[in-house]
Protein chains: 2
Amino acid sequence: MREPMQPFVAALSVRDDLSAEEVRALHDLPIHLRSFQRGEEIVGDHTRPGRSSLVIDGTCGRVVQAREGRQITAVHVPGDFVDLHSLLLKVMDHSVVALSDCVVGSVPHGHVAGLCERHPHLGRLLWLSTVIDGAIQRSTIANIGRRSALQRLAHLVCELHTRLAVIGLASPNGFTCSFTQTDLGDILGLSAVHVNRTIRDLRHRKLLSWSGNQVLFSRFESLAAFADFDPTYLNLQKEPR
Amino acid sequence: MREPMQPFVAALSVRDDLSAEEVRALHDLPIHLRSFQRGEEIVGDHTRPGRSSLVIDGTCGRVVQAREGRQITAVHVPGDFVDLHSLLLKVMDHSVVALSDCVVGSVPHGHVAGLCERHPHLGRLLWLSTVIDGAIQRSTIANIGRRSALQRLAHLVCELHTRLAVIGLASPNGFTCSFTQTDLGDILGLSAVHVNRTIRDLRHRKLLSWSGNQVLFSRFESLAAFADFDPTYLNLQKEPR
DNA sequence: CGACTCATTGATTTAGCTCAAGTCTGGTGG
DNA sequence: CCACCAGACTTGAGCTAAATCAATGAGTCG
């Protein structure tokens, strides 16, 4: 079987060099795998998790439940920790749900803390990954707060494509998107109906094609220019951290 | 002169116990103070800061510049680090601007990193403060994505009051808000004109009074209920972290 | 087949935007 | 001391992007 930590190692390796020993330490973490069906709750709101969870396969989302409806505040792909912050926050301020059938691994908090102690550089990289989550959230705030539905959706497509490419899950001109239009609405702060019309509009403008769960574009650059997409916030540069 | 680190120590002390030695280590950090006028840029977008900055007095905001206008993705009050993440992110994905005249202290990254090494528990608390920023951003996404202008503004008032109270800058029934209505629009993803009408509406509903920069309410609970405000995300509980 | 869930489209409504004009304030200079 | 000016606030009128409501396909699974 493939190493479950592989996508996480891949994601870190894009941002900094890992020593062989560090890679080994990550693979040696006692990880408990579990499958979830689309729609299932992975971590509950207001709970106190004793473990941190990592997406191995599929996608999941962080859900803040407001009185007027749910908002998906972040989308996670393989290699992303979905609640690493619970190591410090203790009490969840949101829930995590499966947005597709997915496989999630979890590691007891004690082992994560131990890893940080024994490998301070890995500790910094775990900190880094929570801080990149924050950068993505800032971009999401700007996206929802300032851009039109058309640009919002285009921006999300650019981001997803870029993030999936990092872990080898995107082709040069597209990717597989398993979200329903209702999910997309909850991610973008739009109604499901309007998401549908917005996809149609993007298609009419020949910026992309979207049939079933296949998203394809002829030129990523056109889409990125239209969406005002600047990938700086994804921190894809290798730097000593 | 008052210790510049005092509001930061106060903010951490709400979340966990600090030893006398840890407090001393924080006060011993070489901090360089600088004043900024309202509107001045404190940290530039796409720069590589060599220091991390902390608000000592006044308020500032993190600004993501989109093609259609600026979005303020976070508001910071005394005791908040505005770019602690730059220790790991290296390149800024947004700028930081003064939203009122303010005093900001900055500490070289090397000293912050050294502090984390010598005092692992303080390191975890610095990590914690970046992670609380993330929690606040999630709440902002839900606020902008799902709530009406009226609730959005009410929610912001609840959050600001709660955060200012922690550092002793709020009275039980109100606080001083130095933002212009244009700033509020950029925080909430609304136009300045609509912010004006929304404030008027909140006044008519007797949820608060807002004259000059004094925000006052008769019952915080009424406002919080109206705004669907749940302070869990602010992590104001003392926990061993 | 029948009961889902998801996607699609039309008709209508509405929250919030834009444009425009005015007021009120504090600061500056003659 | 007062005229002027720049920012910020306020209000009105009209417009528009997106929401809501409603109906209908289309695919899937027990």
Side-chain angles (χ1 to χ4, degrees), chain A residues 37-40 59 66-72 97-101 143-156 176-205 208-215 226, chain B residues 37-40 59 66-72 97-101 143-156 176-205 208-215 226:
Chain A
Q37 292 200 311
R38 209 179 94 67
E40 259 188 286
T59 49
R67 199 194 288 142
E68 350 351 79
R70 70 172 193 169
Q71 175 72 40
I72 298 176
V97 303
L99 296 177
S100 70
D101 292 349
N143 205 30
I144 298 181
R146 283 287 168 245
R147 289 197 258 262
S148 69
L150 220 47
Q151 286 181 295
R152 258 185 243 188
L153 182 53
H155 197 279
L156 178 68
T176 303
C177 177
S178 54
F179 306 140
T180 65
Q181 295 181 356
T182 302
D183 291 340
L184 287 167
D186 292 342
I187 294 168
L188 297 168
L190 296 171
S191 70
V193 170
H194 199 60
V195 167
N196 183 287
R197 297 192 224 268
T198 305
I199 292 175
R200 184 176 50 175
D201 197 348
L202 285 174
R203 247 191 310 246
H204 281 164
R205 289 162 185 257
L208 49 73
S209 76
W210 193 318
S211 54
N213 49 19
Q214 290 307 305
V215 181
F226 177 80
Chain B
Q37 291 199 311
R38 208 180 96 67
E40 259 189 285
T59 50
R67 198 194 289 141
E68 330 20 62
R70 70 172 192 170
Q71 175 71 40
I72 298 176
V97 303
L99 296 177
S100 69
D101 292 350
N143 205 29
I144 298 181
R146 283 287 168 245
R147 289 196 257 262
S148 69
L150 220 45
Q151 287 181 294
R152 260 185 239 187
L153 182 53
H155 197 279
L156 178 69
T176 302
C177 176
S178 54
F179 306 141
T180 65
Q181 294 181 357
T182 302
D183 291 339
L184 287 167
D186 291 342
I187 294 168
L188 296 169
L190 296 171
S191 70
V193 170
H194 199 62
V195 167
N196 184 288
R197 297 192 223 269
T198 306
I199 292 175
R200 185 178 48 175
D201 197 347
L202 285 175
R203 246 191 309 247
H204 281 164
R205 289 162 185 257
L208 49 72
S209 76
W210 194 319
S211 54
N213 49 18
Q214 290 306 307
V215 180
F226 177 79

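In the text below, chain A, chain B and the rest are named by the order of the sequence lines, each starting its count at 1. The figures here come from the full heavy-atom set of this structure, side chains too, leaving out hydrogens, waters and symmetry mates.
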First of A:Arg146 and A:Trp210 reached from the 5' end of DNA chain C, by closest nucleotide: A:Trp210
Respond yes when some side-chain nitrogen or oxygen of A:Arg147 is under 4.0 Å from OP1 or OP2 of D:dA17, and no when none is. no
Measure CG/A:Leu153 against P/D:dA17 and give the value in whole Å, please. 17 Å
May I ask you to evaluate whether A:Arg203 reaches the phosphate of C:dA7, defined as a side-chain N or O under 4.0 Å from OP1 or OP2? no
Can you check the B:His194 NE2 to D:dG12 P distance for me, whole Å? 15 Å
Closest nucleotide among D:dA18, C:dC17, D:dA8 to the B:Arg38 side chain: D:dA8
What is the distance, rounded to the nearest whole Å, between atom CG of A:Leu190 and atom C1' of D:dA18? 8 Å
Could you measure the distance from the OG atom of A:Ser178 to the CZ atom of A:Arg38? Nearest 0.5 Å is fine. 8.0 Å
Tell me whether the OP1 or OP2 atom of D:dT11 has a side-chain N or O from B:Arg200 closer than 4.0 Å. yes
Could you check whether A:Asp201 pairs with A:Arg205 (Lys NZ or Arg NE/NH1/NH2 to Asp/Glu carboxylate O, under 4.0 Å)? yes
Let me know the distance between CG of A:Asp201 and P of C:dT8, rounded to the nearest Å. 14 Å
Measure across B:Asn143 and B:Arg147 and return the closest heavy-atom pair with its distance rounded to 0.1 Å. OD1-NE, 2.8 Å
Could you give the CG-to-P distance, from B:Leu150 to C:dG16, as a whole number of Å? 8 Å
From CD of A:Gln151 across to P of D:dA18 the rounded distance in Å is 10 Å
Using a heavy-atom cut-off of 4.0 Å across all strands, would you classify A:Ser191 as base, sugar-phosphate, or nothing? base
Between B:Leu184 (CG) and C:dG16 (P), how many Å, whole number? 15 Å
Go through it in stages, so that I can follow the logic: the residues are A:Asp186 and A:Gln71, the test is side chain to side chain contact (heavy atoms under 4.5 Å, CB included), and I'd like the CA-CA distance, side-chain angles, deciding distance and then a yes or no. CA-CA 5 Å; A:Asp186 292 342; A:Gln71 175 72 40; 6.0 Å; no
Describe the nucleic acid contact of B:Gly189 in one word from base, sugar-phosphate, nothing, applying a heavy-atom distance below 4.0 Å. sugar-phosphate
Testing D:dG12, D:dA19, C:dC17 for proximity to the side chain of B:Val193, the answer is D:dG12
Could you give the distance from OG1 (B:Thr198) to CG (B:Leu184), rounded to the nearest 0.5 Å? 10.0 Å
Whole-Å gap separating C1' (C:dG27) and CD (B:Gln37): 13 Å
Nearest to the side chain of B:Arg197 - C:dG16, C:dG10, D:dG12? D:dG12
Assert: residue with more 5' nearest nucleotide on DNA chain C, out of B:Val195 and A:Ile199, is A:Ile199
In Å, rounded to the nearest 0.5 Å, how long is the span from CZ of B:Arg146 to CD1 of A:Ile144? 8.5 Å
Which part of the nucleic acid, if any, lies within contact of B:Gly212, taking any heavy atom under 4.0 Å across all strands shown: a base, the sugar-phosphate backbone alone, or nothing? nothing
Are OP1 or OP2 of C:dA7 and a side-chain N or O of A:Asn196 less than 4.0 angstrom apart? no
Remember a base hit wins even if backbone is also touched, and classify B:Ser148 as base, sugar-phosphate or nothing at under 4.0 Å, heavy atoms. sugar-phosphate
